Amino acid sequence: MSTTSITIYQNLGKLFYAIAAIDRVIRAKEYAKLKELVKKDWVAVDQLTDEFKTDAAFQIEIVFDWLENEDKDPNECYDDFESYYKENTPHFDASIKKLIWKTANEIANAFSGRNKAEVILLTKLKLLLAS
């Protein structure tokens, strides 16, 4: 088991939380979209499991839930993801970057389209993924 990979999923949880929470309200549709995409797309990324033999991709939801329960600052969560990304760029291949972008966009669009705060954060993410 690669702790780096589990850490990637945990940091993706921070990113997707930041996207959903940037407007200070996490909508049920945003959370439902996250859960749908984890099951549909992220579980298929690899065969990695956590210490409980659960697919490591579910770390995305676990971290998202914890951050929401703790009412963490979405900007700090995005900054944490950005730092992790910059330190671990080789672990993010083109297909993972594409999936990150798809997931972030679908979460932002899940509830009546994107608002200004989401557009700003998505723009930062797009620039980060292109770097």
Side-chain angles (χ1 to χ4, degrees):
M1 175 188 325
S2 167
T3 53
T4 302
S5 293
I6 287 179
T7 307
I8 286 173
Y9 289 122
Q10 291 169 338
N11 277 277
L12 288 170
K14 292 178 184 180
L15 170 65
F16 301 142
Y17 168 80
I19 298 290
I22 195 65
D23 58 1
R24 290 290 174 199
V25 179
I26 297 176
R27 312 283 183 184
K29 288 182 177 183
E30 292 171 322
Y31 186 67
K33 180 57 73 176
L34 172 73
K35 290 180 69 133
E36 171 193 327
L37 293 171
V38 167
K39 287 185 185 99
K40 187 177 87 173
D41 297 333
W42 287 101
V43 167
V45 167
D46 58 33
Q47 300 301 311
L48 188 67
T49 58
D50 64 17
E51 64 268 25
F52 304 108
K53 304 296 181 223
T54 303
D55 194 290
F58 288 108
Q59 287 292 317
I60 295 170
E61 289 179 33
I62 292 165
V63 169
F64 186 106
D65 288 343
W66 183 82
L67 293 167
E68 183 179 14
N69 287 336
E70 296 293 315
D71 195 28
K72 293 293 185 180
D73 181 286
N75 289 299
E76 287 178 20
C77 292
Y78 179 84
D79 292 345
D80 287 352
F81 172 78
E82 183 176 308
S83 295
Y84 178 82
Y85 178 87
K86 287 178 177 177
E87 292 169 12
N88 296 279
T89 304
H91 297 290
F92 293 87
D93 64 20
S95 65
I96 293 297
K97 288 178 184 181
K98 186 176 179 183
L99 190 52
I100 290 169
W101 181 248
K102 174 189 177 206
T103 305
N105 257 313
E106 290 196 27
I107 290 169
N109 284 321
F111 182 81
S112 27
R114 297 183 217 157
N115 61 43
K116 184 179 178 183
E118 290 167 337
V119 169
I120 291 169
L121 199 56
L122 286 170
T123 301
K124 283 176 67 173
L125 176 61
K126 189 166 193 81
L127 292 170
L128 178 67
L129 295 175
S131 64

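Predicted, not measured: the structure shown is a model, and the values here were computed from it.
- Atom CD1 in Ile107 sits 10.5 Å away from atom CD in Glu36 (nearest 0.5 Å).
- Closest approach of Ala108 to Leu122, counting heavy atoms only: CB-CD1, 3.7 Å.
- The shortest distance between side-chain heavy atoms of Tyr78 and Ile22 does not fall below 4.5 Å.
- Lys102 contributes atom NZ, which lies 5.5 Å from atom CG of Leu37 (distance to the nearest 0.5 angstrom).
- Ion pairing between a basic and an acidic side chain is recognised when a charged N comes within 4.0 Å of a carboxylate O; Glu30 and Lys33 show no such pairing.
- A continuous path of hydrophobic side-chain contacts links Ile100 to Val63 [ILVMFWY only; heavy atoms under 4.5 Å].
- In summary, of the residues considered (Thr103, Asn105, Leu99), a side chain to side chain contact (heavy atoms under 4.5 Å, CB included) with Trp101 occurs for Asn105 alone.
- Contact between Glu82 and Leu128 at its shortest, heavy atoms only, is CG-CD1, 3.8 Å.
- Taking 4.5 Å as the limit, every side-chain heavy atom of His91 sits out of range of all side-chain heavy atoms of Tyr85.
- Taking both residues in full, the closest heavy atoms of Ala57 and Val38 are given as O-CG1, 3.8 Å, listed atom of the first, atom of the second, then distance.
- Among Tyr31, Trp66, Phe64, the single residue meeting the ring pair (Phe, Tyr, Trp, His ring centres under 6.0 Å) criterion with Tyr17 is Phe64.
- Ring geometry for Tyr84 against Phe92 counts as perpendicular: the plane angle is over 60°, on a 0 to 90° scale with 30° as the lower cut.
- Counting heavy atoms from C-beta on, the side chains of Asn88 and Ile8 never come closer than 4.5 Å.
- Put simply, CG on Leu125 and CZ on Phe81 are 6.5 Å apart, with the number rounded to the nearest 0.5 Å.
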Quick one: do Asp46 and Tyr9 satisfy side-chain hydrogen bond (donor to acceptor under 3.5 Å, both in side chains)? Show the steps, please. CA-CA 11 Å; Asp46 58 33; Tyr9 289 122; 3.0 Å; yes

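- Atom NZ of Lys98 has 12 or fewer heavy atoms from other residues, nucleotides or ligands within 6.0 Å.
- The heavy-atom pair separating Ile19 from Ala104 by the smallest distance is CG2-O, 3.6 Å.
- Counting heavy atoms of neighbouring residues, nucleotides and ligands inside a 6.0 Å radius, atom CD of Gln47 does not exceed 12 of them.
- Contact detail for Ala18 and Cys77: the closest heavy-atom pair is CB-CB, 4.3 Å.
- Panel note: side chain Glu68, backbone Asp65; no donor-acceptor pair is recorded below 3.5 Å.
- Nearest approach of Leu67 to Gly13, heavy atoms of both residues: CD1-O, 4.1 Å.
- Ile26 and Leu34 fall within the same hydrophobic cluster, defined by Ile, Leu, Val, Met, Phe, Trp and Tyr side-chain heavy atoms under 4.5 Å apart, directly or through other members.
- With rounding to the nearest 0.5 Å, the separation of CG in Asp55 from NZ in Lys39 is 11.5 Å.
- Looking at Ile62 and Gln59, their side chains come closer than 4.5 Å, going by heavy atoms from C-beta outward.
- A heavy-atom distance below 4.5 Å is not found between the side chains of Lys126 and Thr123.
- The distance from atom CG of Leu15 to atom CG of Asn11, rounded to the nearest 0.5 Å, is 9.0 Å.
- For the atom pair CG of Asn115 and CD1 of Ile120, the computed distance is 9.0 Å after rounding to the nearest 0.5 Å.
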